[in-house]
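Inspection log for the structure reproduced underneath, given as structure tokens.
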Amino acid sequence: MATALRTHLCGSLREAHVGERVRVGGWVHRARNLGGLVFVDLRDRAGLLQVSFAPGTATPEALAVAERLGPETVVLVEGEVVARPPEGRNPELETGAIELRAVSARVVGPAVTPAIPVARGKGEKLAAEELRLKHRILDLRRPELQANLIMRHRLLQRTRSTMSGLGFLEIETPILTKPTPEGARDFLVPSRMHKGEFFALPQSPQIYKQLLMVAGYDRYFQVARCFRDEDLRADRQLEFTQIDLEASFVSADDVQAVVETILVALWDEAGHAIPSPFPRLTWREAMERFGVDKPDLRYGLEIEDLSAYIGSDAAPFVSDAVSGGGRVRGIRVPLGAEASRKEIDAFTGVAKDAKAGGLIWAKRTEAGWEGQGVKAIGATALAALGGAPGELLLAVVGADAVTSPALHAVRSLAVKRPGIPQRLAHAFCWVVDFPLFERDTESGQHVPAHHPFTSPHADDFEFLERDPGRCRAQHYDAVYNGNELGSGSIRITDPAVQGLIFRLLGIDPEDQQRRFGFLLDGLAAGAPPHGGFALGFDRIAMLLAGAPSLRDVIAFPKTTAARALFEGAPTPVKAGDLQALHLTITD
RNA sequence: GGGGCUGUAGCUCAGCUGGUUAGAGUGCCGGACUGUCACUCCGGAGGUCGCGGGUUCGAGCCCCGUCAGCCCCGCCA
């Protein structure tokens with residue numbers, strides 16, 4: 001890090017440097033002028049360093065500079081590293097055992113008073129996020145954000161070395177590409193040279209990476225920027241980064257083994273040892289036990305089916321639902337019997353938000369079961385259930401499509417209660433055998449659960465035409481503590497199967513050729529069996545940095561209204577620019 | 001597209017039932033101070049109460065609209 005202007009990074013100096021003459025450059029974090037004696041905390045990306053300016057040691061010019069230093073000014077300081085007296089050490093600083101005794105100093109980057117503070121005292125709040133985004137360069141100076149971006153860098157480097165070590169080639173694919181009518185809304189880029197025609201920014205390099213397999217590049221990966229013009233969330237940005245990979249002559253297990261290797265390496269980079277292989281759950285099992293396709297396996301509280309226990313003493317709305325093909329399912333919350341009325345109402349609230357009609361609850365006391373659940377599902381069912389004193393039973397009645405999401409919501413709230421044991425801190429799993437199709441909620445049409453290039457499960461080809469909803473896919477998700485980290489599949493390489501899928505999706509041959517012709521031609525040109533995966537890199541960086549939002553691991557993120565406050569994008573353009581692109585703006 | 005929360009000094013916030021001149025901490029400016037590390041002490045400046053409209057004798061406060069930020073639903077193959 002030594003350059004013509006400096007010999008060390010501020011934050012890198014230690015006791016071993018005592019006695020050395022050094023020159024550092026940094027930003028004034030905070031200055032304390034005691035009158036005649038001035039202390040300046042100088043900051044760079046390596047950390048903070050206390051610089052002392054004392055008469056007799058520092059030149060009069062340096063003292064004059066030190067007395068006028070405002071926050072965030074960039075200054076070059078030369079002096080001697082000295083040990084601090086034992087009582088003068090600062091254990092909160094990495095450099096706290098030493099200080100730089102300045103001899104000379106020069107302001108090289110004067111700074112106006114910062115609009116938002118970079119240095120914060122203990123207990124001082126952050127500025128509003130709107131201001132932090134607007135004055136992003138100041139916010140990015142904060143040690144917390146610097147640590148996040150440094151972590152992100154390390155994760156990227158570790159990804160590249162791991163993938164390269166596994167024989168994967170990093171190959172870039174186009175950013176200006178072809179619109180895809182499937183999936184998310186495309187960002188369109190008008191073509192100046194071809195009037196009325198548009199490029200699209202890639203939602204992912206999906207088709208390109210499959211074509212790279214066809215082209216014989218066996219094992220591909222890319223740190224790929226992807227673009228989707230959809231509404232944002234705390235964990236969703238318009239542009240985001242995927243660790244994208246694809247390999248030939250592989251099974252789902254092969255792909256999963258590669259992904260596990262990356263994830264183990266990335267968690268190791270962040271200082272966490274995690275065991276591999278990860279447990280595997282089928283999609284059906286995940287929905288049955290956890291009510292969701294991304295279960296949080298840190299906790300128990302699995303969903304149980306109470307339907308079989310329902311007797312003649314159950315309330316009519318329960319017995320009717322069961323005889324009508326629905327089920328009674330619930331979870332037991334240890335120590336939940338202590339829950340207040342308010343907490344029970346909160347559980348009911350999340351269940352109703354998830355479209356459940358209501359929530360049945362019963363507390364198991366020494367005396368037996370109590371609560372409205374006794375009437376609802378009946379004493380017979382509760383007696384059969386047994387249960388330990390102190391438990392709280394929370395149950396929902398109805399079709400699985402209702403009870404699963406409701407119980408997932410209830411369980412997610414329940415595990416936040418004090419006293420719920422966490423079985424492990426880093427709970428990875430694979431969810432496999434997703435359904436190939438989902439029903440579109442509006443049209444009732446079959447739509448791909450993943451994307452239309454996902455191969456059906458080898459055992460389920462017979463259902464493809466007869467009962468598509470029953471057909472499983474060779475599609476798998478990597479899940480961590482209830483977060484989906486990524487998704488992948490074995491792809492279709494048989495043009496006949498691909499044609500059949502398109503037909504089931506209602507895409508006629510002419511349309512197929514127009515939209516996906518270059519992929520279909522590729523499959524016909526000698527395609528090796530292949531499959532792959534894509535990991536949401538920003539989300540991984542967020543989780544490993546312990547950040548609450550993706551915005552804290554992206555240098556220049558967008559707001560939830562899809563604006564870049566710092567640079568001021570998007571923005572109107574000159575009429576002439578529109579004209580060159582053959583565009584007019586209408587209301 | 002829909003719902004919720006927030007918007008008062010550079011920053012973080014308080015502001016009662018609608019009532020006189022809108023406050024605090026911090027930062028900033030000036031002064032004092034030779035071992036501080038959120039230095040301390042003294043003094044000072046600093047306000048389009050997001051914006052527009054309405055109700056009222058009177059609006060930071062009530063009503064309508066709008067903008068921005070955040071969270072959520074829809075959406076995200």
Side-chain angles (χ1 to χ4, degrees), chain A residues 29-42 48-58 63 67-68 70-72 82 84-85 87-93 95-96 99 101 112-135 138-139 180-186 203-204 206-207 226-238 240 350 353-355 405 409 434 436-438 440-442 446-454 473 475 484 487 489 501 505 507 515-516 534 536 548-549 551 558-563 565:
Chain A
H29 192 66
R30 193 175 260 123
R32 294 174 292 280
N33 185 348
L34 275 62
L37 182 63
V38 181
F39 294 98
V40 175
D41 294 334
L42 209 57
L48 287 172
L49 172 69
Q50 173 166 284
V51 182
S52 64
F53 293 83
T57 314
L63 271 173
E67 278 173 6
R68 286 185 294 101
E72 302 308 312
V82 299
R84 297 204 206 178
E87 67 278 9
R89 297 185 169 205
N90 185 344
E92 288 173 18
L93 293 185
T95 59
E99 69 182 19
R101 187 177 288 163
V112 295
T113 300
I116 57 171
V118 176
R120 265 187 317 149
K122 298 183 186 75
E124 268 179 37
K125 283 190 173 182
L126 281 178
E129 188 159 15
E130 183 176 359
L131 294 165
R132 292 171 44 210
L133 291 171
K134 201 166 177 174
H135 306 286
L138 294 174
D139 203 37
T180 51
E182 305 292 314
R185 223 169 272 127
D186 280 320
Q203 295 179 26
S204 81
Q206 181 62 34
I207 292 178
C226 306
F227 306 86
R228 294 179 190 173
D229 190 6
E230 295 290 348
D231 290 354
L232 286 72
R233 289 279 193 286
D235 62 350
R236 262 165 33 195
Q237 283 272 312
L238 296 181
F240 57 98
V350 296
D353 286 348
K355 304 287 189 284
F434 274 67
L436 187 59
F437 299 107
E438 289 170 352
D440 185 86
T441 39
E442 283 162 29
H446 283 300
V447 295
H450 186 42
H451 56 54
F453 321 117
T454 304
H475 164 195
E484 181 199 322
S487 222
S489 64
I501 298 281
L505 296 173
I507 306 172
R515 288 149 110 182
F516 304 110
S549 156
R551 294 183 295 272
K558 309 288 185 282
T559 68
T560 49
R563 282 192 177 279
L565 294 184

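The chains referred to below are lettered A, B, ... by the order of the sequence lines, with proteins before strands, and numbering in each begins at 1.
When both distances must be under 3.5 Å, the Watson-Crick or G-U wobble mate of B:rA22 does not exist. Nucleotide B:rU34 forms no Watson-Crick or G-U wobble pair with any nucleotide shown, as no partner meets the under 3.5 Å limit on both distances. In this structure, B:rG43 and B:rC29 make a Watson-Crick or G-U wobble pair, each of the two defining distances being under 3.5 angstrom. The partner of B:rC70 is B:rG4, by the rule that a Watson-Crick or G-U pair needs both atom distances under 3.5 Å.
Here A:Leu565 lies in heavy-atom contact (under 4.0 Å) with sugar-phosphate atoms only. Here A:Pro71 lies in heavy-atom contact (under 4.0 Å) with sugar-phosphate atoms only. A:Pro448 comes within 4.0 angstrom of sugar-phosphate atoms only, judged by non-hydrogen atoms across all strands, and of no base. Nucleic acid contact for A:Ser52: none, since no nucleic acid atom lies under 4.0 Å from a heavy atom of the residue. Residue contacts for A:Glu124: at a heavy-atom cut-off of 4.0 Å it reaches a base atom on one of the strands shown. Backbone-only engagement by A:Ala234 is indicated by non-hydrogen atom pairs under 4.0 Å involving sugar-phosphate atoms exclusively. At a threshold of 4.0 angstrom between heavy atoms, the contacts of A:Ala561 are confined to the sugar-phosphate backbone, with no base atom among them. As judged by a 4.0 angstrom heavy-atom cut-off over every strand, A:Asn33 is placed among the base-contacting residues. No contact: A:Gln203 has no heavy atom under 4.0 Å from any strand.
For the C1' atom pair drawn from B:rG1 and B:rA14, the interatomic distance equals 37 Å after rounding to whole Å. B:rC13 and B:rG2 have their C1' atoms separated by 32 Å, given to the nearest Å. Between B:rC63 and B:rG74, the distance separating the two P atoms is 30 Å to the nearest Å. B:rU8 and B:rC61 have their C1' atoms separated by 11 Å, with the value rounded to a whole Å. Rounded to whole Å, the C1' atom of B:rG44 lies 22 Å from the corresponding atom of B:rA38. Look at the C1' atom in both B:rU34 and B:rC39: the space between them is 13 Å, to the nearest Å. When the C1' atom is compared between B:rC57 and B:rG50, the two are found 28 Å apart, to the nearest whole Å.
When the nucleotides B:rC37, B:rC39, B:rC71 are ranked by their closest atom to the side chain of A:Arg551, B:rC71 comes out on top. In this structure, the nucleotide among B:rC37, B:rC76, B:rC39 sitting nearest to the side chain of A:Arg228 is B:rC76. Distance from the side chain of A:Asn90 is smallest for B:rC37 among the nucleotides B:rC37, B:rC76, B:rG69. Distance from the side chain of A:Thr559 is smallest for B:rG69 among the nucleotides B:rG69, B:rG1, B:rU36.
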Worksheet item: side-chain contact (heavy atoms from CB on, under 4.5 Å) between A:Phe437 and A:Thr454: does it pass, once the steps are laid out?
Response: CA-CA 10 Å; A:Phe437 299 107; A:Thr454 304; over 6 Å; no
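Nucleotide B:rG35 holds its C1' atom 15 Å from the CZ atom of A:Phe53, rounded to whole Å. Going from atom CZ of A:Phe39 over to atom C1' of B:rU36 covers 5 Å, rounded to whole Å. We find that CZ of A:Arg563 is positioned 9 Å from C1' of B:rA68, with the value rounded to whole Å. Rounded to an integer number of Å, the gap from CZ of A:Arg185 to P of B:rG74 is 15 Å. Rounded to an integer number of Å, the gap from NE2 of A:His135 to P of B:rG27 is 19 Å. Nucleotide B:rC41 holds its C1' atom 12 Å from the CG atom of A:Leu34, rounded to whole Å. Rounded to whole Å, the distance from CD on A:Glu72 to P on B:rG27 is 14 Å. In this entry the distance linking CG of A:Asp231 with P of B:rG2 reads 11 Å, nearest Å.
Within a 6.0 Å sphere centred on CZ of A:Arg120, heavy atoms belonging to other residues, nucleotides or ligands number more than 12.
A close approach under 4.0 Å does occur between a side-chain nitrogen or oxygen of A:Arg233 and OP1 or OP2 of B:rC73. Between B:rC70 and A:Thr560, a contact under 4.0 Å exists linking OP1 or OP2 to a side-chain N or O. One finds a side-chain N or O of A:Arg32 lying less than 4.0 angstrom from the OP1 or OP2 phosphate oxygen of B:rC39. Look at A:Arg132 and you won't find any side-chain N or O under 4.0 angstrom from OP1 or OP2 of B:rC70.
At a cut-off of 3.5 Å, with distance as the only test, a side-chain donor of A:Asp186 or A:Gln203 sits close to an acceptor on the other residue.
Checked by distance alone, A:Glu99 brings a side-chain donor or acceptor within 3.5 Å of a matching partner on the base of B:rG35. Between the side chain of A:Arg236 and the base of B:rC75 there is at least one donor-acceptor pair of N/O atoms closer than 3.5 Å. For B:rG27, its base never sits under 3.5 Å from the side chain of A:Arg30 at any donor and acceptor pair.
Using bins of under 30°, 30° to 60° and over 60° for the plane-to-plane angle, the ring pair A:Phe516/A:Phe453 lands in the perpendicular bin.
A salt bridge is defined here as a Lys NZ or Arg NE, NH1 or NH2 lying under 4.0 Å from an Asp or Glu carboxylate O, and A:Arg551 with A:Glu129 meets this definition.
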Practice prompt. Could you run through nucleotides 7-14 of chain B and give me one letter per nucleotide, 5' to 3': B if any protein heavy atom sits under 4.0 Å from the base, S if only the sugar-phosphate is that close, - if neither?
Written response: ---SSSS-
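Nearer the 5' end of RNA chain B, as judged by each residue's closest nucleotide, is the contact made by A:Pro548, out of A:Pro548 and A:Ser204.
Note: A:Leu131 CG to A:Asp139 CG = 10.0 Å, rounded to the nearest 0.5 Å.
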